[in-house]
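As structure tokens, the structure follows; a few thoughts come after it.
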Amino acid sequence: MPSLDVNDTTLHYEDEGTGPALLFLHGWGTSGRTWGAQLPDFTRDHRVLTVDWRGCGRSAHPARGNTTAGVVSDLVALIGALRLDRPVVIGSSIGGTFATELGVRRPELIAGVVPVGAPGYWPSTRAQAQAELVAGLRRDRAGTVAGWVPGWYAPGTAPALIDWTVRQILDSGVYIDEHQATADCYDPRPMLPGLQVTIHYLHGELDTAIPLEVARACAALTPAAEVSVIAGAAQMPHQERPDRFNTALRASLARMAQVTCATT
């Protein structure tokens with residue numbers, strides 16, 4: 001398994017294909033394996049890198065650095081060490097937050113951002129719910145995760161997929177809970193008007209965990225941003241409706257390439 005020592009931790013990653021670079025970031029507690037339905041398609045004509053960010057999956061689970069700033073710092077080091085040439089960064093849920101923050105902090109390193117069901121400002125409007133979630137994770141981690149995760153998926157999703165997601169989160173351990181404990185303090189809206197990279201939001205039409213209006217409100221604040229809605233999907237469209245998601249992502253990448261050509 002390829003791994004890379006960055007900062008104070010070790011990251012597991014997979015790197016396949018050739019062509020324009022794509023960096024896929026998973027959501028809270030899961031792993032790069034959640035992008036399995038995208039790899040056969042996009043490795044045909046892209047260099048595709050998936051990474052288990054710190055605290056998750058096959059990467060190390062350090063007690064420290066489990067913050068947005070910590071993960072973004074790891075990503076900066078990863079891009080440099082692997083010589084990724086201005087990748088488009090696709091991030092699911094909180095992975096979309098990391099992708100956006102990377103675009104804010106180091107826009108010269110990336111070509112664009114695609115947040116997928118990203119939380120945006122939503123947790124900051126639900127401080128009590130976040131506090132209850134964190135308390136539940138501390139009191140009964142397995143029960144809380146098992147009760148929460150099914151709501152990420154649209155009705156009719158295969159139980160095996162939901163169970164697999166629960167197992168990944170429980171395997172990732174407790175230190176990633178810092179992201180949930182601080183989520184109610186995060187609101188990207190003030191910085192979005194100054195974003196210097198192209199951003200295209202992908203969002204499931206049935207997402208009840210993060211309402212579609214969050215993506216639309218963020219896009220309205222961001223120069224030249226667009227929103228594409230994945231029909232029949234909720235919080236995890238890349239897993240729930242992979243064919244529709246892949247088509248939408250390809251369209252997003254094509255538009256980003258046009259914007260890049262027009263501005264260079």
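The figures here come from the full heavy-atom set of this structure, side chains too, leaving out hydrogens, waters and symmetry mates.
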Next item on the list: Please step through salt bridge (charged side-chain N to carboxylate O under 4.0 Å, His left out) for the pair Arg33 and Asp52, ending with a clear verdict.
Entry: CA-CA 8 Å; Arg33 288 173 287 188; Asp52 298 356; 5.5 Å; no

Checklist line | From CA spacing to verdict: salt bridge (charged side-chain N to carboxylate O under 4.0 Å, His left out), Arg250, Asp41 | finding: CA-CA 10 Å; Arg250 279 200 174 274; Asp41 186 352; 2.9 Å; yes

Next item on the list: Could you give me the CA-CA distance, side-chain angles and deciding distance for Leu102 and Val76, then say whether side chain to side chain contact (heavy atoms under 4.5 Å, CB included) is met?
Entry: CA-CA 8 Å; Leu102 185 57; Val76 169; 3.7 Å; yes

Report, one line per pair, each donor and acceptor closer than 3.5 Å where one atom sits in a side chain of residues 89-101; sequence neighbours left out.
unit_1 : atom_1 : unit_2 : atom_2 : d
Ser93  : OG     : Gln235 : OE1    : 3.1
Thr100 : OG1    : Gly96  : O      : 2.8
Glu101 : OE1    : Arg105 : NE     : 2.8
Glu101 : OE1    : Arg105 : NH2    : 3.1
Glu101 : OE2    : Tyr186 : OH     : 2.8

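Of the inter-residue distances, the one linking Arg126 atom CZ with Glu132 atom CD reads 9.0 Å to the nearest 0.5 angstrom. For the atom pair Arg106 CZ and Leu75 CG, the distance stands at 12.0 Å (nearest 0.5 Å). Annotation: the span from Asn246 atom CG to Leu253 atom CG amounts to 10.5 Å, rounded to 0.5 Å. In this structure, CZ on Arg189 lies 9.0 Å from CG on Leu192, to the nearest 0.5 angstrom. Of the inter-residue distances, the one linking Leu195 atom CG with Thr222 atom OG1 reads 6.0 Å to the nearest 0.5 angstrom. Taken to the nearest 0.5 Å, the CD atom of Gln38 stands 13.0 Å off from the NE2 atom of His46.
For the pair Arg47 and Phe42, the cation-pi test (distance below 6.0 Å, angle within 45°) is failed.
In this structure a side-chain-to-backbone donor-acceptor pair under 3.5 Å is missing from Asn7 to Thr9. Between the side chain of Gln130 and the main chain of Gln180, a donor-acceptor pair closer than 3.5 Å is present. Counting only distance, with no hydrogens or angles, the side chain of Ser3 and the backbone of His12 share no donor-acceptor pair below 3.5 Å. For Thr157 (side chain) and Ala154 (main-chain N/O), a donor-acceptor pair under 3.5 Å exists by modelled atom type.
Minimum interatomic distance between Gly29 and Ser172 (heavy atoms only, all atoms of both residues): O-OG, 2.9 Å. The two residues Ala21 and Leu84 make their nearest non-hydrogen contact at CB-CD2, 4.2 Å. Contact record, Glu205 with Gly232: OE2-N, 2.7 Å, taken as the closest heavy-atom pair. Between Gly112 and Met256, the closest heavy-atom pair is CA-SD, 4.1 Å. Closest heavy-atom contact between Val197 and Gly103: CG2-CA, 4.0 Å. Scanning all heavy atoms of the two residues, the minimum distance from Gln239 to Thr34 falls at CG-O, 3.6 Å.
Two residues are said to be in side-chain contact when any heavy atoms from C-beta on lie closer than 4.5 Å; Leu206 and Ile230 fail this criterion. In this structure, Phe24 and Leu22 have side chains that are in contact, with non-hydrogen atoms separated by less than 4.5 Å.
Here His61 and Tyr175 keep their ring centres 6.0 angstrom or further from each other.
Around atom CD of Glu108, more than 12 heavy atoms belonging to other residues, nucleotides or ligands sit under 6.0 Å away. Heavy-atom neighbours of Arg138 CZ from other residues, nucleotides or ligands within 6.0 Å: at or below the threshold of 12. Atom CD of Glu16 has 12 or fewer heavy atoms from other residues, nucleotides or ligands within 6.0 Å.
Asp184 and Ser124 form no side-chain donor-acceptor contact under 3.5 Å, judged by distance and modelled atom types alone. In this model, no donor atom of one side chain and acceptor atom of the other lie less than 3.5 Å apart for Tyr201 and Ser252.
Relative orientation of the His179 and Trp53 rings is perpendicular, given thresholds of 30° and 60° on the angle between their planes.
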